[in-house]
Student: 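Encoded as structure tokens, here's the structure I'll be asking about.
In what follows, residues are counted from 1 in the order of the sequence shown. One-based numbering, in listed order, for ligands and for the atoms of each.
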Amino acid sequence: MNIINLKDKNLYYIGGVVRDELLGCKSFDVDLTYNGDAIEFAHTIKDAEILRINNPFGTVKIKLNGEEIDIASTRSETYPQKGHLPVVEKIACSLKEDVMRRDFTINAMAKSTLTGEIIDYTGGMDDLKNKKIRVLHDDSFIDDPTRILRALKFSVRFGFDLDEHTKKLQDEYLKNINYDMSYKRLKKELEETFNLNNWSAFERFINQGIYKLVASQDFELPKYDFSKLISEFKPENIWIIYVGLMPDISALPLTKIEKNIVEKFKDLAILRFAQNDIFTDFEVYKAFKNIPIESVIMYSTINHEIVEHYLKDLKDIELEITGEDLKKLGISPSPKYQECFNFILKKKIKNIQLSKDEEIKFAKEFFCKTQNFYN
Ligand code: CTP
């Protein structure tokens, strides 16, 4: 665990960082809670520079001996609008009340910065041992449906199962989803879940009906497991490859890049190369070359053989010859240039070893054949 350089009897590590330390995993960030008012506490720390204060949330950022540290006050919350961000009910409540607003028992443990004692009001230690994900109360998913995705994320990340009652609450919620929710928060959890590139997460997402949080239409698990293509070809935007396959995800606030990936996949899907149709390598290359690799991988759910062939054998083929080279040959720019490049590309796809000189030879041949002006 990243130990911070500050100890106090009321200061606790809390949430994910405690869970990760007990599991022996690396933590992404260190959350600290002061049992009381963290802002007042910050003012009493010798040599601390206060960098930022957020009064409504009772949080403070300080700099101490060169280290930036975020400290939250213990706080209780309510969800006046179910599915949206909670509002703070009380700042400087008890540590127990702070813990009870959280998602799962494994995320609800605190560890004293002073003594190292673990405070476990909800049975988180037992659930860690038994590899269970358990909510703290029956309204947990109603308050915050993104927790259904968080449960999936943690179960895949740690190899845990949902406790039976928690699974029942999840099923009940998914039968009666309140679509008035924060899709920004949902998107964040989708990203974190599917960036893990774990096929079993996708199986559970679909088979347990979790996808219904985002897509209103039915959706089935694709037969082809494309996670190995993702591991091999390392696209940047992994999560959208999974989530973008669903028929309608317009509720999610996608970036321009993500929207383009989904649109390009849909364009390809309209083409629908039938599984048994024979396509020339040139046609496959042309169909995939200028679209995002994420869209190409998505297309593997329609025809994985073509996609595998493209990614393994064709993707990196590039012509070396340029328009400048054609100009140097004395050929003035015209749409014929493109035809010429396609002619050479077909040769290069058959023989990827083709050198630039050979490409130029084929260019000459092309213009000799198609136009009489070239000698
Ligand atoms: N939390 C919650 N409900 C949410 C999100 C967060 O109760 N929808 C609580 C949990 O106690 C969690 C803590 O806030 O441990 C911090 O949230 P976050 O940083 O998102 O989660 P981590 O548990 O730290 O997970 P990760 O390792 O993925 O960062």
Student: Determine, for Lys336 against Glu339, whether the closest basic-nitrogen to carboxylate-oxygen distance falls under 4.0 angstrom.
Tutor: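 Salt bridge present between Lys336 and Glu339.
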Student: I need the atoms of ligand 1 closer than 4.0 Å to a non-hydrogen atom of Phe154, numbered in the order shown.
Tutor: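 In order of number, 23 (O), 25 (O).
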Student: Which of the listed options, Met109, Arg150, Met100, Arg102, holds the heavy atom that is closest to atom 6 (C) of ligand 1?
Tutor: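 Looking at heavy atoms only, Arg150 sits closest to atom 6 (C) of ligand 1.
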Student: Quick one about Asp20 and Ser27 (side-chain donor to acceptor, distance below 3.5 Å, no hydrogens or angles considered), yes or no?
Tutor: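 Indeed, the side chains of Ser27 and Asp20 share at least one donor-acceptor pair under 3.5 Å.
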Student: Which of the numbered atoms in ligand 1 are under 4.0 angstrom from any heavy atom belonging to Arg185?
Tutor: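 Those atoms are 8 (N).
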Student: With heavy atoms only and a cut-off of under 4.0 Å, state how Asp144 meets ligand 1: side chain, backbone, both or neither.
Tutor: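 Side chain only; the backbone of Asp144 stays clear of ligand 1.
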Student: Say whether Phe28, considering both its backbone and side-chain N or O atoms, lies within less than 3.5 Å of an N or O atom on ligand 1.
Tutor: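 In this structure, Phe28 places no N or O atom under 3.5 Å from an N or O of ligand 1.
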Student: At under 4.0 Å between heavy atoms, which part of Arg157 makes contact with ligand 1: side chain, backbone, both or neither?
Tutor: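 Only the side chain of Arg157 comes within reach of ligand 1.
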Student: With ring-ring contact (aromatic ring centres under 6.0 Å, His included) as the test, pick out the partner of Phe194 among Phe205, Trp239, Tyr211.
Tutor: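 In the set Phe205, Trp239, Tyr211, the residue that makes a ring-ring contact (aromatic ring centres under 6.0 Å, His included) with Phe194 is Phe205.
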Student: Backbone, side chain, both or neither: what part of Thr146 comes under 4.0 angstrom of ligand 1, heavy atoms only?
Tutor: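 The part of Thr146 near ligand 1 is the side chain, not the backbone.
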Student: For ligand 1, which atoms have a heavy atom of Gly15 less than 4.0 angstrom away?
Tutor: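 The list of qualifying atoms is 15 (O).
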Student: Should the pair Arg147-Asp144 be classified as a salt bridge under the 4.0 Å nitrogen-to-oxygen rule?
Tutor: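 Salt bridge: yes.
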Student: Verify the distance criterion only: is there a donor paired with an acceptor across the side chains of Thr105 and Arg134 at less than 3.5 Å?
Tutor: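 There is no such pair (donor and acceptor under 3.5 Å, judged by atom type) between the side chains of Thr105 and Arg134.
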Student: Whether the side chain of Asn303 engages the backbone of Ile306 through a donor-acceptor N/O pair (distance < 3.5 Å, no angle test) should be reported.
Tutor: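 Yes, because the side chain of Asn303 sits within donor-acceptor range (under 3.5 Å) of the backbone of Ile306.
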Student: Heavy-atom contacts under 4.0 Å between Ile14 and ligand 1: side chain, backbone, both, or neither?
Tutor: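 Contact part for Ile14 vs ligand 1: neither.
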Student: Does Glu189 come within less than 4.0 angstrom of ligand 1, counting non-hydrogen atoms of the residue?
Tutor: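 Contact absent.
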Student: To which of Asp20, Asp103, Val18 does the heavy atom nearest atom 2 (C) of ligand 1 belong?
Tutor: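 Closest candidate by heavy-atom distance is Asp103.
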Student: Out of Glu192, Arg147, Lys153, whose heavy atom sits nearest atom 3 (N) of ligand 1?
Tutor: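 Result: the heavy atom closest to atom 3 (N) of ligand 1 is in Arg147.
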Student: Below 4.0 angstrom from a heavy atom of Asp31, which ligand 1 atoms are there? Numbered from 1 as shown, please.
Tutor: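 Contacts of ligand 1 toward Asp31, numbered from 1: 16 (C).
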Student: Using a 3.5 Å distance criterion without hydrogens, assess whether the side chain of Asp325 forms a donor-acceptor pair with backbone atoms of Thr322.
Tutor: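 At least one qualifying donor-acceptor pair exists.
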Student: State, without any angle test, whether Asn237 and Glu294 hold a side-chain donor-acceptor pair at a distance under 3.5 Å.
Tutor: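 A donor-acceptor contact under 3.5 Å links the two side chains.
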